[in-house]
Amino acid sequence: MKIAVFASGNGSNFQALVDYFRENKLPDTFEWLFCDQPNAFVLERAEKLHVPFHFFSPKEFSSKREYEEKILEILVEKEIELIVLAGYMRIIGPTLLNAYESRIINIHPSLLPDFPGLHGIRDAFAAEVKETGITIHYIDKGIDTGPIIHQETIEITKEDTLDSLEAKIHQIEHQTYPKIIEAVIKEMQKVEEEKND
């Protein structure tokens with residue numbers, strides 16, 4: 001399966017995904033990285049990993065639709081079958097949602113439906129809850145409201161700081177996200193094979 005990753009920042013989840021798939025010699029390939037921030041570190045990672053990439057901002061376009069149509073044009077050209085979000089900080093609009101229904105996956109650093117939005121880790125820490133975690137889910141029209149694929153819980157201890165909690169969350173993300181993406185791809189391929197039988 002041909003995969004595209006969308007990211008906006010550091011790209012540690014992107015790195016973990018590519019490393020996992022390559023180390024395990026999986027047939028699925030990361031064909032493209034898209035980034036909306038021209039100075040994001042993820043672009044350096046893509047270069048080192050030899051993954052083709054583009055970056056452009058919505059500000060360069062007259063509308064969100066036009067912005068997403070440009071992205072879609074490249075996705076179609078590269079025959080992308082699955083989009084994986086890895087710290088992409090923009091809401092996916094109808095242009096991409098309609099073209100890739102049930103084929104856009106996101107990872108969120110909280111146990112949804114609790115603490116959706118941009119600051120899941122910080123919000124959980126500030127709320128002084130005893131546990132938080134990660135949620136891997138399909139994207140829909142809402143903000144972090146799509147069907148949940150997988151959740152993993154971690155305890156927030158009295159010793160935790162916001163920094164230590166962030167480190168724990170990222171560690172779980174890097175371990176879990178690649179395995180779940182692998183499982184999702186296998187399931188998608190199985191469904192496709194059954195359709196063709």
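- Taking the side chain as every heavy atom from C-beta outward, V84 and L17 approach each other to under 4.5 Å.
- At least one side-chain heavy atom of K190 sits less than 4.5 Å from a side-chain heavy atom of E194.
- Annotation: F56, atom CZ; neighbour count of heavy atoms from other residues, nucleotides and ligands within 6.0 Å is above 12.
- Ion pairing of K70 with E73 is present here, as a side-chain N (NZ or NE/NH1/NH2) and a carboxylate O approach within less than 4.0 Å.
- Formation of a donor-acceptor pair under 3.5 Å by the T176 side chain with backbone atoms of E173 is not found in this model.
- Two residues are said to be in side-chain contact when any heavy atoms from C-beta on lie closer than 4.5 Å; I3 and I185 meet this criterion.
- Cluster membership for L85 and I172, using ILVMFWY side-chain heavy atoms within less than 4.5 angstrom, is not shared.
- Note that OG of S110 and CZ of F115 are 7.5 Å apart. Values are rounded to the nearest 0.5 Å.
- Salt bridge annotation for E79-K2: present, with a cationic side-chain nitrogen under 4.0 angstrom from a carboxylate oxygen.
- A ring-centre distance under 6.0 Å is found for W32 and F34.
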_Step-by-step side chain to side chain contact (heavy atoms under 4.5 Å, CB included) determination, N10 to V42_ = CA-CA 5 Å; N10 180 283; V42 70; over 6 Å; no
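- No single ILVMFWY cluster, assembled from side-chain heavy atoms under 4.5 Å apart, contains both F53 and M89.
- At least one side-chain heavy atom of L33 sits less than 4.5 Å from a side-chain heavy atom of L43.
- Taking the side chain as every heavy atom from C-beta outward, T132 and L165 approach each other to under 4.5 Å.
- Checked options H150, Q151, E152; the residue passing with T135 is Q151 (criterion: side chain to side chain donor-acceptor pair (under 3.5 Å)).
- L111 CG to E131 CD: the interatomic distance, rounded to the nearest 0.5 Å, is 6.5 Å.
- At least one side-chain heavy atom of D28 sits less than 4.5 Å from a side-chain heavy atom of Q189.
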_Could you walk me through whether L49 and D19 satisfy the side chain to side chain contact (heavy atoms under 4.5 Å, CB included) test, starting with their C-alpha distance in whole Å, then the side-chain angles of each, then the deciding distance to 0.1 Å, before giving a yes or no?_
CA-CA 9 Å; L49 292 164; D19 287 348; 3.9 Å; yes
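- F6 and I71 make their closest contact through CZ-CG2, 3.6 Å (heavy atoms, listed as atom of the first residue, atom of the second, distance).
- When every heavy atom of I169 is checked against every heavy atom of P109, the shortest pair comes out as CG2-CB, 3.7 Å.
- S63 has its side chain out of reach of E68: every pair of non-hydrogen atoms, C-beta onward, lies at least 4.5 Å apart.
- More than 12 heavy-atom neighbours from other residues, nucleotides or ligands sit within 6.0 angstrom of CD1 on I74.
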*asked:* Could you go through E182 and F21, starting from their C-alpha distance and side-chain angles, then the distance that decides it, and tell me whether this counts as side chain to side chain contact (heavy atoms under 4.5 Å, CB included)?
replied: CA-CA 8 Å; E182 179 190 8; F21 274 66; 4.3 Å; yes
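- Cluster membership check: M1 shares its hydrophobic cluster with I149, using side-chain heavy-atom separations under 4.5 Å among Ile, Leu, Val, Met, Phe, Trp and Tyr.
- Counting non-hydrogen atoms of other residues, nucleotides and ligands closer than 6.0 Å to CD of E60 gives a total above 12.
- The two residues D144 and G117 make their nearest non-hydrogen contact at OD2-N, 2.8 Å.
- Transitive grouping of hydrophobic side chains (ILVMFWY, heavy atoms separated by less than 4.5 Å) keeps I181 and I83 in distinct clusters.
- One distance of note links CD of Q171 with CD1 of I134; it measures 11.0 Å at 0.5 Å rounding.
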*Give the intermediate values and the outcome of ring-ring contact (aromatic ring centres under 6.0 Å, His included) for residues Y177 and Y20.*
CA-CA 10 Å; Y177 205 17; Y20 176 87; over 10 Å; no
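- Looking at P58 and R90, their side chains come closer than 4.5 Å, going by heavy atoms from C-beta outward.
- The heavy-atom pair separating Y67 from S57 by the smallest distance is CE1-C, 3.9 Å.
- Within 6.0 Å of CD in E47 there are 12 or fewer heavy atoms belonging to other residues, nucleotides or ligands.
- The CD atom of E31 sits 12.0 Å away from the CG atom of L82 when rounded to the nearest 0.5 Å.
- To the nearest 0.5 angstrom, H119 atom NE2 is 11.0 Å from I121 atom CD1.
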Return all side-chain donor-acceptor pairs below 3.5 angstrom for residues 91-105, not counting sequence neighbours, or 'none' if the list is empty.
from, atom 1, to, atom 2, distance (Å)
N98, ND2, P94, O, 3.2
Y100, OH, I80, O, 2.7
R103, NH1, E81, O, 2.9

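- A salt bridge links K168 with D160: at least one charged nitrogen is closer than 4.0 Å to a carboxylate oxygen.
- Within a 6.0 Å sphere centred on NZ of K141, other residues, nucleotides and ligands contribute 12 heavy atoms or fewer.
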*Apply side-chain hydrogen bond (donor to acceptor under 3.5 Å, both in side chains) to the pair S8 and D36, showing each step before the final yes or no.*
CA-CA 6 Å; S8 297; D36 61 333; 2.7 Å; yes
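- Here the straight-line distance linking atom OG of S12 with atom CZ of R45 works out to 5.5 Å at 0.5 Å rounding.
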*side chain to side chain contact (heavy atoms under 4.5 Å, CB included) assessment of E155 paired with K130*: CA-CA 6 Å; E155 185 188 356; K130 289 181 180 175; 5.9 Å; no
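- For A40 against C35, the heavy-atom pair with the smallest separation is CB-SG, 3.6 Å.
- The hydrophobic clustering, which links ILVMFWY residues whose side-chain heavy atoms are closer than 4.5 Å, places V184 and F30 together.
- Judged purely by atom type and a 3.5 angstrom limit, N24 has no side-chain atom pairing as donor or acceptor with the backbone of L26.
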